[in-house]
Engineer: 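To start, I am sharing the structure in question, which I have written as structure tokens.
In what follows, every heavy atom counts, from backbone to side chain, and hydrogens, waters and symmetry copies are set aside.
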Amino acid sequence: MPSRDVILYRGHSDTPALRREVARLRAELPDTDLVVIGYGVSKPVFAPAPWPVIMLTTADLAELPYPVRLAFLDHDWVNGSCDLPVLWFYRRNPHYEHYWLIEYDVRYTGSWRALFDELSGSQADLLATSIRDRLHAPTPHWWPSLLSPGAPLPDAALTKAFLPFSRVTRRGLQVLDAGCAAGWSGHSEVLWPT
């Protein structure tokens, strides 16, 4: 039976730490699909591994149907565009119910199985850390990057989140995909939760 969940482990280079963390995830969550996504790379930098690896360049991401979002794509990956590989993957693999996102610098010393089991009970479309609305986080410098088609959104409708470890549902990615195609743009830490 195909997995309902996929872990997208995102990184810039093949390191012993990345391999150790991915191997641990693989051992603790053998029933969950896992893909390593290398991004911000201009040439292959990942050696063969016992798990799927996808390496994406800026040119690969330029194929996404998000003209406003891509106009702000920083070729050095510092403008909050590390979510584009996730959207690229989703558009090619829309059958998963949950997409777990883990950045290469996340370290969790507890049981991944226990954490995933606990969080799997949530029906929320986005699980992340440090979720706050604009009224309670007025100064983060990502707010000006957020663009929405039409009238500006009121501060009460704006939300930010920290996303190095997060989970998004298929429904959440459908909304993000459609929004980016319609002209939404901005740093992922304000775009996704808003």
Engineer: When rounded to the nearest 0.5 angstrom, what is the spacing between OG in S120 and CG in L115?
Structural biologist: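 Between atom OG of S120 and atom CG of L115 there are 9.0 Å.
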Engineer: Looking at CG of L84 and CG of L56, how far apart are the two atoms once the value is rounded to the nearest 0.5 Å?
Structural biologist: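 Spacing of CG (L84) from CG (L56) equals 10.0 Å.
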Engineer: Could you tell me the separation between the CE atom of M55 and the CD1 atom of I37, rounded to the nearest 0.5 Å?
Structural biologist: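 It is 12.0 Å, given to the nearest 0.5 Å.
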Engineer: Cut-off 3.5 Å, no hydrogens considered: what does the side-chain donor-acceptor table look like for residues 18-27, sequence neighbours left out?
Structural biologist:
{"residue": "R19", "atom": "NE", "partner": "D14", "partner atom": "OD1", "Å": "2.8"}
{"residue": "R19", "atom": "NE", "partner": "D14", "partner atom": "OD2", "Å": "3.3"}
{"residue": "R19", "atom": "NH2", "partner": "D14", "partner atom": "OD2", "Å": "3.0"}
{"residue": "R19", "atom": "NH2", "partner": "A47", "partner atom": "O", "Å": "3.1"}
{"residue": "R19", "atom": "NH2", "partner": "P48", "partner atom": "O", "Å": "3.0"}
{"residue": "R24", "atom": "NE", "partner": "E28", "partner atom": "OE2", "Å": "3.0"}
{"residue": "R24", "atom": "NH1", "partner": "Y108", "partner atom": "O", "Å": "2.5"}
{"residue": "R24", "atom": "NH2", "partner": "Y108", "partner atom": "O", "Å": "3.0"}
{"residue": "R24", "atom": "NH2", "partner": "G110", "partner atom": "O", "Å": "2.4"}
{"residue": "R26", "atom": "NH1", "partner": "T32", "partner atom": "O", "Å": "3.1"}
{"residue": "R26", "atom": "NH2", "partner": "L29", "partner atom": "O", "Å": "2.8"}
{"residue": "R26", "atom": "NH2", "partner": "P30", "partner atom": "O", "Å": "3.1"}
{"residue": "R26", "atom": "NH2", "partner": "T32", "partner atom": "O", "Å": "2.6"}

Engineer: Residues in side chain to side chain contact (heavy atoms under 4.5 Å, CB included) with T169, at least two apart?
Structural biologist: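 T169: side chain to side chain contact (heavy atoms under 4.5 Å, CB included) contacts with H98, D125, R167, R171.
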Engineer: Checking D33 now: which residues fulfil side-chain hydrogen bond (donor to acceptor under 3.5 Å, both in side chains) with it, not counting sequence neighbours?
Structural biologist: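 For D33 the side-chain hydrogen bond (donor to acceptor under 3.5 Å, both in side chains) partners, ignoring immediate neighbours, are Y96.
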Engineer: State which residues pass side chain to side chain contact (heavy atoms under 4.5 Å, CB included) with E103; sequence neighbours excluded, sorted by chain then number.
Structural biologist: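 E103: side chain to side chain contact (heavy atoms under 4.5 Å, CB included) contacts with R10, Y39, C82, D105, V106, P164.
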Engineer: Rounded to the nearest 0.5 Å, what separates atom CD1 in I7 from atom CH2 in W51?
Structural biologist: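 One gets 12.0 Å once the value is rounded to the nearest 0.5 Å.
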Engineer: Please list all pairs passing the side-chain hydrogen bond (donor to acceptor under 3.5 Å, both in side chains) test where one or both residues lie in residues 86-95, with sequence neighbours left out.
Structural biologist: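 Passing the test, one end in residues 86-95: R91-D177.
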Engineer: Once you round to the nearest 0.5 Å, how far does OH of Y9 lie from CH2 of W100?
Structural biologist: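 Reported value, rounded in 0.5 Å steps: 15.5 Å.
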Engineer: CG of L191 to CG of L176: how many Å apart, nearest 0.5 Å?
Structural biologist: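 Here the rounded value is 6.0 Å.
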Engineer: For the residue pair E189 and F162, establish whether any side-chain heavy-atom pair is separated by less than 4.5 Å.
Structural biologist: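 Of all side-chain heavy-atom pairs linking F162 with E189, at least one is under 4.5 Å.
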Engineer: List the residues meeting side chain to side chain contact (heavy atoms under 4.5 Å, CB included) with A182, not counting sequence neighbours, and say none if there are none.
Structural biologist: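 Partners of A182 by the side chain to side chain contact (heavy atoms under 4.5 Å, CB included) criterion come out as none, since no residue qualifies.
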